[in-house]
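Just below is one structure, and these are the notes that go with it.
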Amino acid sequence: TIPFDRTRARAARRGAMRDDAPSKAPREDYVVVDLPLELTDLPGDALKFEDLDTRTPKLRTIDGARYVGRYELTCGEQLVVGFDGDDALEARVLAKTERRLKFTPA
């Protein structure tokens with residue numbers, strides 16, 4: 001999953017946040033990402049995501065390949081389950097989302 005700050009991204013698109021505007025706490029938003037088959041074996045640091053706050057996010061790989069994405073709504077929520085720390089004995093829901101991001105070659 002890819003967290004991004006939608007509030008900050010919108011403000012950046014509009015220009016800059018005004019100092020006199022009431023401050024909103026940033027909200028993390030999670031997205032499930034479907035990668036093309038040829039990318040599933042790449043380590044996460046070999047992928048660079050760009051423009052996640054737009055309708056057509058971009059993905060670049062370490063070797064220069066480019067992909068364009070589109071968001072889709074899922075049927076119901078998808079849960080990200082994991083352990084919250086090294087000494088956690090039970091898994092818990094870490095995040096949930098109803099959005100999926102699919103990439104295809106640009």
*asked:* So Leu59 and Leu39, do their side chains get closer than 4.5 Å, heavy atoms only?
replied: yes
Any residue meeting side-chain contact (heavy atoms from CB on, under 4.5 Å) with [X], in chain and number order, not counting sequence neighbours:
X     : result
Asp63 : Thr61, Ala65
Ala46 : Leu42, Pro43, Ile62
Arg60 : Lys48, Glu50, Arg66
Arg55 : none

Among residues two or more places apart or on two chains, list those pairs meeting ring-ring contact (aromatic ring centres under 6.0 Å, His included) that have a residue in residues 77-97.
->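 Pairs touching residues 77-97 that pass the test: none.
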What verdict does the side-chain contact (heavy atoms from CB on, under 4.5 Å) test give for Lys102 and Glu72, after you've listed the backbone C-alpha separation in whole Å, the side-chain angles of each residue and the deciding distance to 0.1 Å? CA-CA 8 Å; Lys102 291 190 172 192; Glu72 297 178 349; 3.3 Å; yes
Note: with side-chain heavy atoms under 4.5 Å as the link, the other cluster members for Val93 come out as Leu79, Val81
message: Let me check something: do Phe103 and Tyr71 share a hydrophobic cluster, defined by ILVMFWY side-chain heavy atoms less than 4.5 Å apart, either directly or through other members?
response: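 In one cluster: yes.
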key: Non-neighbouring partners of Glu77 that pass side-chain hydrogen bond (donor to acceptor under 3.5 Å, both in side chains), sequence neighbours left out   =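 Testing Glu77 for side-chain hydrogen bond (donor to acceptor under 3.5 Å, both in side chains), a comparison that skips the adjacent residues, returns none.
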Hits for side-chain hydrogen bond (donor to acceptor under 3.5 Å, both in side chains) against Asp34, two or more places apart or cross-chain, chain-then-number order -> Arg100
Looking only at heavy atoms, the pair that brings Asp51 and Lys58 closest together is OD2-CG, 3.7 Å
query = Between the side chain of Thr56 and the main-chain N/O of Gly69, is any donor-acceptor distance below 3.5 Å?
reply = no
Result for side-chain contact (heavy atoms from CB on, under 4.5 Å) between Leu52 and one of Leu101, Val31, Val33 points to Leu101
(request) Starting from the C-alpha separation in whole Å, work towards a yes-or-no answer on side-chain contact (heavy atoms from CB on, under 4.5 Å) for Leu47 and Leu35. (result) CA-CA 10 Å; Leu47 305 174; Leu35 295 174; 3.9 Å; yes
Review point. What distance separates Leu89 CG from Asp84 CG, expressed to the nearest 0.5 Å?
Key: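 Answer for the CG-CG pair, Leu89 versus Asp84, is 12.5 Å.
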| message | Once ring pair (Phe, Tyr, Trp, His ring centres under 6.0 Å) is applied, do any residues pair with Tyr67, and if so which ones, sequence neighbours excluded? | response |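 So Tyr67 forms no ring pair (Phe, Tyr, Trp, His ring centres under 6.0 Å) with any residue.
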Those residues at least two apart in sequence (or on a different chain) that pass salt bridge (Lys or Arg N to Asp or Glu O under 4.0 Å) with Glu98 are none
So the salt bridge (charged side-chain N to carboxylate O under 4.0 Å, His left out) pairs with at least one residue in residues 35-46 (sequence neighbours excluded) are none
